[in-house]
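Here is how names work: the chains are called A, B, and so on, in the same order as the sequence lines, proteins then strands, and each is numbered from 1. Since the structure is predicted, the reported quantities are computational estimates derived from the model, not experimental observations.
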Amino acid sequence: MNAKTVIQISILLDEMYPHAVCELNHQNPFELLVATILSAQCTDKRVNEITARLFPRLNSAEKMAQLTEDELIPLIRDCGLFNNKSKNIIATARQLVALHGGSVPQTREELESLPGVGRKTANVVLANAFSTPAFPVDTHVLRVSQRLGLSSEKTPEKVEADLCQLFPQDQWIKKHHQIIFHGRNLCKAKKPLCNICPLRNYCSLFLQESGIKS
DNA sequence: AACTCGGGGCA
DNA sequence: TGCCCAGAGTT
């Protein structure tokens, strides 16, 4: 992948998604952490509906740590995998109180040591709550990056390394959100809307499919 | 690298 | 109904 192509793709992403930002509603790092844990295999819209009635009362680790798993489950029941998520959120809140004075740590290592927090969630919190350069890679970013030829790697970690090298550090989180929007709206896993996609001339999937048809 | 977890959205 | 999804943990 040459530098000129990356710049052209970057310009097109800026034109297509000029206001791409984190859509998870949050007022502080703890709220973002909880919202991000809830967002696994669930839409942001649904997560925001849940946190809108969750955070007025449970907006800190201290308050969340006092709940039991069974008390939290009915409050987050609408977002899937709620057994795991409830257990992880309670355990994480208690770990924050026990080891970090009730605040959210700002290093990747400490974040990933929290139950239910993996590399993607840690990167989301680092970038959106602490302005620490990070490039969260989820299934959308993975798929779009592969189709656009931004990375030929298959694991999230290696794709993340490629993306971090291709884009300037101060653009990482913006590119993340732009690619997320693109993956959700046009470059969908199934039935991608290649016919109206401004990026299709850079896309291996489109070039491959149009080659077969013609 | 593959499997588990096992709800919601959409065709 | 059937299939995939803005993941993480375990094997």
Side-chain angles (χ1 to χ4, degrees), chain A residues 13 16-17 19-26 29 31-55 69-70 72-96 104-105 107-129 134-148 150-161 163 172-193 205:
Chain A
L13 284 172
M16 295 163 67
Y17 310 103
H19 305 303
V21 293
C22 179
E23 290 195 331
L24 293 172
N25 293 336
H26 62 280
E31 291 188 1
L32 177 62
L33 178 59
V34 172
T36 308
I37 293 174
L38 289 175
S39 75
Q41 296 181 311
C42 178
T43 62
D44 280 7
K45 182 183 175 186
R46 174 72 59 165
V47 172
N48 286 336
E49 290 171 4
I50 294 171
T51 56
R53 59 176 190 259
L54 193 66
F55 288 157
E69 296 171 13
D70 290 340
L72 182 57
I73 286 176
L75 302 177
I76 64 173
R77 179 171 277 285
D78 305 327
C79 71
L81 305 178
F82 51 78
N83 278 313
N84 284 340
K85 291 175 182 177
S86 179
K87 187 192 306 180
N88 287 333
I89 289 170
I90 298 297
T92 280
R94 290 177 179 171
Q95 188 165 322
L96 291 179
V104 179
T107 68
R108 182 194 313 284
E109 239 181 9
E110 291 172 308
L111 283 167
E112 287 192 25
S113 74
L114 298 168
V117 180
R119 189 175 183 89
K120 184 258 180 181
T121 300
N123 279 337
V124 168
V125 172
L126 286 172
N128 290 305
F135 208 128
V137 173
D138 49 42
T139 54
H140 285 320
V141 174
L142 199 66
R143 179 180 69 256
V144 173
S145 298
Q146 289 166 343
R147 288 178 179 175
L148 290 177
L150 295 173
S151 177
S152 56
E153 299 290 349
K154 295 184 177 179
T155 68
E157 291 80 5
K158 291 181 177 178
V159 171
E160 179 186 327
L163 292 172
W172 287 354
I173 195 58
K174 183 173 71 174
K175 291 305 160 195
H176 160 77
H177 287 122
Q178 289 173 335
I179 294 176
I180 291 287
F181 280 28
H182 186 58
R184 188 177 63 190
N185 297 331
L186 295 182
C187 197
K188 299 186 285 189
K190 280 189 161 186
K191 300 180 180 179
L193 306 181
L205 176 67

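Within 4.0 Å (heavy atoms only), A:L142 reaches no atom of the nucleic acid at all. Counting any heavy atom pair closer than 4.0 Å across all strands shown, A:T36 reaches no nucleic acid atom. Heavy atoms of A:K154 sit nowhere under 4.0 angstrom from any nucleic acid atom. Using a 4.0 Å heavy-atom cutoff across all strands shown, A:P115 reaches sugar-phosphate atoms only and no base atom. Contact annotation for A:V124: no contact, since no heavy-atom pair falls under 4.0 Å across all strands.
Atom P of nucleotide B:dA11 and atom NZ of A:K191 are separated by 7 Å, given to the nearest angstrom. A:L33 has its CG atom 13 Å from the C1' atom of C:dA8, to the nearest Å. Here C:dA8 presents its C1' atom at 14 Å from CG of A:L111, a figure rounded to the nearest Å.
Looking at every heavy atom in both residues, A:R147 comes nearest to A:A189 through NH2-O, 3.1 Å. Contact between A:V124 and A:L32 at its shortest, heavy atoms only, is O-CD2, 4.0 Å. The two residues A:T92 and A:P115 make their nearest non-hydrogen contact at OG1-O, 2.6 Å.
Below 30°, between 30° and 60°, or above 60°: for A:F181 and A:Y17 the angle between ring planes is above 60°, a perpendicular geometry.
Between A:T43 and the phosphate of C:dC5, there is no side-chain N or O to OP1/OP2 separation shorter than 4.0 Å.
Side chain of A:K190, nearest nucleotide from C:dC5, C:dC4, C:dG7: C:dC4. Side-chain proximity of A:T155 to the nucleotides C:dC5, B:dA1, C:dG7 is greatest for B:dA1.
Both A:C42 and A:G116 lie near DNA chain C, and the one whose nearest nucleotide falls closer to the 5' end is A:C42.
Under the 4.0 Å criterion applied to side-chain N and carboxylate O atoms, A:R184 and A:D44 are not assigned as salt-bridge partners.
Annotation for A:E109: atom CD does not count as buried by contact number, only 12 or fewer foreign heavy atoms lying within 6.0 Å.
Contacts with DNA chain B (heavy atom under 4.0 Å) in residues 73-83 of chain A: A:R77, A:D78, A:G80, A:L81, A:F82, A:N83, listed by number.
Under the side-chain contact (heavy atoms from CB on, under 4.5 Å) criterion, A:L142 pairs with A:V137, A:Q146, A:V159, not counting sequence neighbours.
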